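Only this structure's heavy atoms are used, side chains among them; waters, hydrogens and symmetry mates stay out. Lettering of chains follows the sequences in order, A, B, ..., and the numbering in each one begins at 1. These numbers were taken from a predicted model, which means no experiment stands behind them.
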Number of protein chains: 2
Amino acid sequence: MSNNQFKRGELYSFITGKASTAIARRLQKNFKQNNVDITIEQWSVLYHLWKEDGLSQQQLCDATFRDKPSITRLVDNLEKLKLVNRVASKEDRRINMIYLTKEAQELQEQTMGIANKTLNEALEGVTHGQVEIAKEVLQNVYDNLK
Amino acid sequence: MSNNQFKRGELYSFITGKASTAIARRLQKNFKQNNVDITIEQWSVLYHLWKEDGLSQQQLCDATFRDKPSITRLVDNLEKLKLVNRVASKEDRRINMIYLTKEAQELQEQTMGIANKTLNEALEGVTHGQVEIAKEVLQNVYDNLK
DNA sequence: GACATATAGTTGTTTATGCAACTATCCAAA
DNA sequence: TTTGGATAGTTGCATAAACAACTATATGTC
């Protein structure tokens, strides 16, 4: 589809991603109200470790779409919070394997519940079919650019 | 619509907004390649001033969905770059009116072209109808949360 | 085995965000 | 006219992102 010409206002709001900013802020607020003291960026790292514990920092880069310095510092902060541990790989000493602590494991259920609730607040009045199409478009955009 | 239950992977990518991150990065890269040395955040402020010059900082907060400290500092940096000037309002001395310099006015055409090109790269293979629905969903999410 | 190259991770610098606390100005009600 | 609350903007602090430059380890090739 070659001709998606945009009018000014549409273009701008599409690029700046106000909707995802708004969801992120609301999620952070809902974490705070439930006394969950982590940032959404930290949560996004834990999210992947809950799916598969013991990922390398490079795997976390790929999974979270962040560069290496970002992951280094997020893992630094998660370590300070006693939520993860760096463990040097025995096969390849360049690699740090990141493991969840017990405390982090216990955060999963609560925070996933908050995230689900937040998303339902955000999608009030949007039909399932619309959401499916929106996700397809966003995935397509991501694939085009990555 | 009360029941938009999300599966894990879907939920995550919807919240983290990888697509808008990807667009933002590509736009920044395209600016750089064309020797436009501003950040996309700075560009997003200029964008609203091109539509209407002489907005107050508070109006820029509302327009760009940022808080007051963020706008204070973006305007600080735009002033350093000689792209805007702060002018104290004569009617209300609390208010700073922000005006574009000639140099900033000249950036409009070029950067809007780059932004349009970037968005077309991003939307390759997406139909106009799909884009319309995606925009509706994102607007709806924004309205639900703001 | 030695060397070039690739990969994993870290550090420094600049820019930006979110929140709280602050100053200055305006305005309305007593 | 004073006083109390609202509004506009700034500053300080912590977290995070992008980019470049760096160290350490691994690997493939001669």
Any Trp50(A) side-chain heavy atom under 4.5 Å of Thr111(A) side chain: yes
Rounding to a whole Å, what distance do you find between Glu41(B):CD and dG18(C):P? 11 Å
Please enumerate all protein N or O atoms sitting under 3.5 Å from an N or O of nucleotides 9-13 of chain D, with distances to 0.1 Å.
residue	atom	partner	partner atom	Å
dG9(D)	OP1	Gln57(B)	N	3.3
dG9(D)	OP1	Asn96(B)	N	2.8
dG9(D)	OP1	Asn96(B)	O	3.2
dG9(D)	OP2	Gln58(B)	N	2.6
dG9(D)	O3'	Asn96(B)	ND2	3.2
dG9(D)	N7	Lys68(B)	NZ	3.0
dT10(D)	OP1	Arg86(B)	NE	3.2
dT10(D)	OP1	Arg86(B)	NH2	3.4
dT10(D)	OP2	Gln57(B)	OE1	3.3
dT10(D)	OP2	Gln57(B)	NE2	2.7
dT10(D)	OP2	Thr72(B)	OG1	2.8
dT10(D)	OP2	Arg86(B)	NH2	3.4
dG12(D)	N7	Arg73(B)	NH2	2.6
dG12(D)	O6	Arg73(B)	NH1	3.0
dG12(D)	O6	Arg73(B)	NH2	3.3

Got a donor-acceptor contact below 3.5 angstrom from the Arg26(B) side chain to the Leu145(A) backbone? yes
Using heavy-atom distances to pick each residue's nearest nucleotide on DNA chain D, tell me which of Lys90(A) and Ile40(A) is more 5'. Ile40(A)
Do Gln58(B) and Asp62(B) meet the criterion of a side-chain donor-acceptor pair at a distance under 3.5 Å? yes
Please determine whether a side-chain nitrogen or oxygen atom of Arg93(B) lies at a distance below 4.0 Å from atom OP1 or OP2 of dA24(C). no
Can you tell me the distance, in whole Å, between the NZ atom of Lys32(A) and the P atom of dT15(D)? 12 Å
Give the rounded distance in Å between these two atoms: CZ of Arg66(A) and P of dA18(D). 9 Å
Out of dT25(C), dA16(C), dA17(D), which nucleotide sits closest to the side chain of Ser70(A)? dA17(D)
Please check this pair: side chain of Asn34(B) against backbone of Val36(B), looking for a donor-acceptor N/O pair closer than 3.5 Å. no
Between Arg86(A) and Asp76(A), is there a side-chain N and carboxylate O pair less than 4.0 Å apart? yes
For residues Met97(A) and Ser89(A), report the shortest heavy-atom separation together with the two atoms involved. CG-CB, 4.2 Å
Nearest-Å distance for atom pair CD/C1', residues Gln33(A) and dC19(C): 15 Å
What's the CG-C1' distance between Asn77(B) and dT13(C), to the nearest Å? 14 Å
Test side-chain contact (heavy atoms from CB on, under 4.5 Å) on Leu83(B) and Asn77(B); report intermediate values, then the result. CA-CA 9 Å; Leu83(B) 294 174; Asn77(B) 285 336; over 6 Å; no
Look at all strands and tell whether Gln42(B) reaches a base, only sugar-phosphate, or nothing, counting heavy atoms closer than 4.0 Å. sugar-phosphate
Length of the line joining Leu74(A):CG and dA17(D):C1', which is rounded to integer Å: 9 Å
Please classify the nucleic acid contact of Asp92(B) as base, sugar-phosphate, or nothing, using heavy-atom distances under 4.0 Å. sugar-phosphate
Under 4.0 angstrom between Arg25(B) side-chain N/O and dA18(D) OP1 or OP2: yes
Integer-rounded Å distance: dA16(D) C1' and Leu81(A) CG: 14 Å
Figure out the CG/P separation between Leu83(B) and dT15(C), and round it to whole Å. 13 Å
